[in-house]
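The shown structure was predicted, so the numbers you read here are calculated from the model rather than taken from an experiment. For the single chain, residues carry numbers from 1 onward in sequence order.
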Amino acid sequence: MGIDNFCSLDGSDPFWVILTNRIPVQCFLCSSHVTLLQQAIGFTLWLICWADVFYSFWERSHGATIAPVYLVSPTMLGVTMLLATFLIQYERMKGVQSSGVMLNFWLITIVCATVTFRSKILHALNEPASVNVFKYTTFYIYYTMLLISLILACLSDQPPLFSQAVRDSNPCPESGASFLSRITFWWITGLMVTGYKRPLEEKDLWSLNTEDKSQRVVPQLVRRWDQECNKVKRPVDKTLYSPKRSAEEEKKDGQPIEESEILLVKTLKKTGDPSLFCALCRTFGPYFLVSSLYKIVHDILMFVGPEILRLLIQFVNDSSAPDWHGYFYTTLLFVCTCVQTLILQKYFHVCFVTGMRLRTAIVGAVYRKALVITNAARRTSTVGEIVNLMSVDAQRFMDLITYINMIWSAPLQVILALYFLWQNLGPSVLAGVAVMVLMVPLNAVIAMKTKTYQVAQMKSKDNRIKLMNEVLNGIKVLKLYAWELAFKDKVSAIRESELRVLKKTAYLGAVSTFTWVCAPFLVALSTFAVYVLVDEHNILDAQKAFVSLALFNILRFPLNMLPMVISSMVQASVSMKRLRVFLSHEELDEDNVERPAISSYSIRIVDGAFSWCKDDSPTLKRINVRIPEGAFVAVVGHVGSGKSSLLSALLGEMQKQKGSVSIKGSVAYVPQQAWIQNATLKDNILFGRDGKDSWYQKVVEACALLPDLEILPGGDSTEIGEKGVNLSGGQKQRVSVARAVYCNCAVYLLDDPLSAVDAHVGKHIFGCYKHFTSHMELLQTRVLVTHGLSFLPQADLILVMVDGEITEMGSYTELLGRQGAFAEFLHTYTNTEQEEVEESVGGESLNSLNAAGTGKTPQKTEPNDVAATKKTKSAEAARLTEADKANTGRVKLSVFWEYMKAIGLPLSIFSIFLFFCHHLSSLGSNYWLSLWTDDPVINNTQPNREMRLGVYGALGISQGIAVFCYSVAVSVGGILASRYLHQTMLYNILRSPMSFFERTPSGNLVNRFAKETDTIDSVIPSIIKMFMGSMFNVLGSCAVILIATPLVAIIIPPLGLFYFFVQRFYVASSRQLKRLESVSRSPVYTHFNETLLGTSVIRAFGEQQRFITESDGRVDHNQKAYFPSIVANRWLAVRLEFVGNLIVTSAALFAVMARDSLSPGIMGLSISYALQVTASLNWLVRMSSELETSIVAVEKVKEYGDTEKEAEWRLEHSTLPAGWPTAGHIEIHNFGLRYREDLELAISDISVNIEGAEKVGIVGRTGAGKSSLTLGLFRIIEAAQGEIRIDGVNIAELGLHELRSRITIIPQDPVLFSGSLRMNLDPFDGYTDEEVWRALELAHLKNFVSGLPDKLNHECSEGGENLRVLVLDKGQMAEFDSPSNLIAKKGIFYKMAKDSGLV
């Protein structure tokens, strides 16, 4: 066990076993002046107490009569002080830096001693002759020592030796803070001061506490989840037929004779769904229970305020009561409210930290699951859905955790409130209970409808994010075809359906808000009405009315919160189900491939049968392979024969149905489609390995990357964009091969990696690679899937695959002599290989190729020139993607103004007016109640009670109407703003040039459309409602208090200034922390998207743990900004509630002082409002800061309006002829372009004249500039020099859509978007059906589309998965049907789909 496990700062370490009085010094607190002084004072106090005891015995021995108390009391105090001294020493041994136990002990001791101190002072003043000098002297010394001990207990000691905090460069100060600093959150003040002086930066953020980090939190949840999964599995017997080989007998062809034996195997069968809720409870429940204890204490203290109010009103009514009663009640009120504040904020701190840990655990669990799910399971969840799991659904849990305790706390508060109301008003309170009971079904209906709308909204959100992912992935095709507006409308249509659900939710929310606000008033109205009407002698005096009103105000919070919590629980239950389904997906079996340390074969498959799903028939069958170490093996066969599937089986990506697979040593894998990370080119090659310069240079040369390093702006330090957007296909594949070669593994699995590179480059790579891998100290086994015939003679072993089986194996010479499947393969592919051309090109020097089509021949680059090349490149030019940047300073007023304009100024002003009407009605009803209670009592009755009751009810009803109207107005305004901002952002992004998408990580864009849009949709409108409500509550409360007790005006201005300063002081840091948190969130999603695309490569290289660590690091980096923000909220709340407590105390104090001139009704009104002002002040600042931090979402959405845009899509006064272009005459004159302003020209000095109807081929090596010229023709990249004219028209003078819609292109990567087939052909509906059918006929697709059920309206799935398929074989049509029918036929298409892992 490491030293850290013994020496923790939180006291959670094991108890020390002290042997032979030797204590490990490493965990001691360093002996500081504080600890030494504490022990010295404790020992002195013990001596003083024993001195009193001995003095009492001495007095008794001299005949004095000593009461037993003078012996027992100092004896007990002496023992207590001795125990306290021992406890101080024990805590020092345990590494406790500040003890809450000792602080409370000294505080209680000094409070008790203060009573004695006062008595001794009075006794000395009144009877100086009877003073015992010795005892008085020892007591004063004792009291002084207690004060010093209390002060020392408020300080924090230095951390223990070798603790984590000592090693951390920027540790969180919480662990070393004193107890007093912890409960007041003073320990964050340093960060707040820094944030006030200047905008906070990432370097200012502390490290996360160890218990909050992903490496601690995520494994706990994963372990609990695995336990829940195991609970729902039961063992069942399964019969397997295991092959058994005879060592002596063989068939004629050399294959062993098969035998079989029946095995009974215990397997686990799923019997139900595992409970994610139980897993979460078991993981986070113990820590979260602490918050429940805080909540119980806080709920009890809430009812102290109304009781003290009752005593104060009683004090005002009783003129004979002594003044000290009033001052005592005031002091008690202040103390109770301060304790209540500290406990409430500790409760919230525990809740928010739990929510933070919960989000960390969910994100980590989802990421880990995504790395291990099967290919079949992966296809059931789109990228958009999984991103929503990590963003929206995880956020739902965080929001719920804060108030989940209200499920039991709300009923407790209601019961206690009703109990005290019964004590105050008697059975009349049952009328209020009846009203609350009637509210329950209404809230239940609202909750059920909310759940329905929540499911519908999440579905629309998933569809929108899915389509946005599709648009972002295919943005190049959209721009080439000028289809941006069509897909803008498509996204907008989904968005409108989402907003329709939001509008319904808004109306429901308005009804819910109406019930929340009206419920307490209706309870009060019904209770007061029954009380005064049931018996005319029931007098509604100030004590009954305002104590009841204070209790009704307490009742308001649980009644308001309970429906909200139920709604949040409903939302969280939807999210929990989505998470449970994803986390329950089938995982890859780690036992599919064995990893023997010692084996005579490098790769061995015995009787292997493999499928992509457990229940499918085998894709590969009867596979028997034995490959010795160091062998070079080629796998050949026709398309769909199972070559790639064989590699997948070796990697464990397929389901092993029978047989065994073993691979000795490490594995490197090169997939058919290169997977490139968003990192530098060098980092892509190193792939987490240590850098070895000489080896790296050899690899770069072998993989023909030296010319590319000269082309790239930053050499091998050039940042490669997502999916390798700034590399050509051949460059990506060479980087992928270099990654595998650099890893220097024992086994290499190469899935036709040279197919994407030029023939001579492929030959160069193959020759160099084969040369230096064959001379390694470690014999390396290479398995190459290939169609290249030139590589086959050099193979030690060739495997020939047909229909998922290995039909032949042997050397090139052996297989040629058999005239079997291999000979047929050679016959098929010989015509496609141009050996003569390849040989002639291969004889040229690799470095004689033109670099980037510049027409210049580079000098030969030696391997050692790689480092020199890097140094000459600009570090700035090497960067491609731009990290999400955090703005600094206050949120500009223009952002709020933009949001108001998005709502609409008339609606905004009308909403504010409704807020004013609501609070004016509320204030009027309470003032009317105070007048009612001051009515004179005549003959034990109050006159005009019916009139008083009617006006009171009318004011309440008008209040409810105003509430409903402003709730609808704000919600509808929020939807209008959300629609406008989303549409504007979508339009601005589609208007951005391709360079924007290359340098902007997709995670940033997805974050804007997911999290930021969700904030604008749901969070900001509710925050505006709460902010406005809190502001009017504070203003109303201050007005009432000032009218009732004008003397409060002395204290309110300075408190107001303090409040304003604290609020601005807080917002400066809080706002920037929110920005830093938002900025650091995008890389989490970017990395996750990248991982999903490369899971097979990550698993093959065994790099899962490194990627998990990287993901955990990004999440922790995000939480580093979130954690200080939640602590800052607590820091603010403690200080502002203290201001509120001072206002309450001032109102009570000045009411006590002016009790002769103050009516009970006005006093009750004043103090009841003062009791509300604390919560209202706290809520106002929280909502103002939340509004400012949440409006950052609007700021982030609006920032894309300021980025560079493409040229106008259409010019207003276009003179372009309707039929242009007619001839197709293209003139390119001195044309050149560059990808960025700081880069050199990618192509230059191109001058070509192409007549109409000419067919022109553009050729060149990978990276030569072929695609760049095409991009220039479509103005995807604008010309840096020269011009292009089509039929005499300079294309630079046209609108982009005018140009791109008149010319067309067949892109390198075909893209189909989800939607109708007609939409994919003609998204603007610009052509008639006849014209569309004519185009299909020319493309030989008319018969195919005619056979579809809905013809042109046939819906294409994502990527065109549900189209009918035409299968060609050897130049002839082999199959033609829908995919489902072709799969059912088990023909060629089925085998191809199996081979690709699609079924």
Side-chain angles (χ1 to χ4, degrees), residues 111 114-115 118 121-122 301-341 424 541-551 553 923 926-927 929-936 1033-1059 1136-1177:
V111 168
T114 301
V115 178
R118 176 180 178 276
I121 294 292
L122 293 176
L301 287 175
M302 283 177 63
F303 293 92
V304 173
E307 281 301 300
I308 295 176
L309 175 60
R310 182 180 63 81
L311 293 172
L312 281 170
I313 295 175
Q314 188 176 340
F315 166 77
V316 170
N317 286 330
D318 185 4
S319 58
S320 62
D323 289 344
W324 70 267
H325 281 191
Y327 297 124
F328 173 73
Y329 296 149
T330 302
T331 305
L332 185 62
L333 183 63
F334 178 72
V335 171
C336 287
T337 51
C338 287
V339 172
Q340 186 178 339
T341 294
N424 203 36
D541 56 20
Q543 180 177 324
K544 287 185 172 61
F546 288 102
V547 171
S548 299
L549 203 61
L551 291 170
N553 285 330
L923 187 63
N926 288 326
Y927 181 70
L929 184 63
S930 70
L931 296 178
W932 184 0
T933 59
D934 286 337
D935 279 351
N1033 273 335
V1034 169
L1035 293 176
S1037 298
C1038 290
V1040 168
I1041 295 169
L1042 284 171
I1043 292 171
T1045 50
L1047 285 175
V1048 177
I1050 299 172
I1051 197 170
I1052 280 186
L1055 287 179
L1057 288 174
F1058 176 75
Y1059 159 81
L1136 290 188
E1137 288 200 13
F1138 181 73
V1139 172
N1141 296 338
L1142 286 177
I1143 293 176
V1144 174
T1145 305
S1146 302
L1149 180 63
F1150 291 125
V1152 168
M1153 293 169 62
R1155 65 169 176 164
D1156 295 330
S1157 60
L1158 202 63
S1159 71
I1162 295 297
M1163 179 186 181
L1165 180 67
S1166 172
I1167 297 178
S1168 63
Y1169 264 97
L1171 287 172
Q1172 297 179 58
V1173 81
T1174 301
S1176 297
L1177 264 178

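Of all the heavy atoms in Ser548 and Asn424, the pair that sits closest is OG-ND2, 2.7 Å. The minimum heavy-atom distance linking Leu312 with Gly326 is given by the pair CD2-O, 4.2 Å. The two residues Phe334 and Asn1141 make their nearest non-hydrogen contact at CD1-O, 4.0 Å. Heavy-atom minimum distance, Pro322 versus Phe315: O-CE1, 3.2 Å. Nearest heavy-atom pair across Gly305 and Leu333 is CA-CD1, 4.2 Å. Nearest heavy-atom pair across Leu923 and Gly1036 is CD1-O, 4.2 Å.
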Step-by-step side chain to side chain contact (heavy atoms under 4.5 Å, CB included) determination, Asp323 to Val1152: CA-CA 8 Å; Asp323 289 344; Val1152 168; 5.9 Å; no
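More than 12 heavy atoms of other shown residues, nucleotides or ligands fall within 6.0 angstrom of atom CZ in Phe303.
Once rounded to the nearest 0.5 Å, the distance linking CD1 of Ile1051 with CZ of Phe1058 reads 12.0 Å. With values rounded to the nearest 0.5 angstrom, Trp324 atom CH2 is found 11.0 Å from Thr331 atom OG1. Atoms CZ and OG1, on Phe328 and Thr330 in that order, are 10.5 Å from each other to the nearest 0.5 Å. If you take CG on Leu332 and CD on Glu307, they are separated by 11.0 Å, rounding to the nearest 0.5 Å. Atoms OH and CG, on Tyr329 and Leu309 in that order, are 12.5 Å from each other to the nearest 0.5 Å. Atom OG1 in Thr337 sits 8.5 Å away from atom CG in Leu1142 (nearest 0.5 Å).
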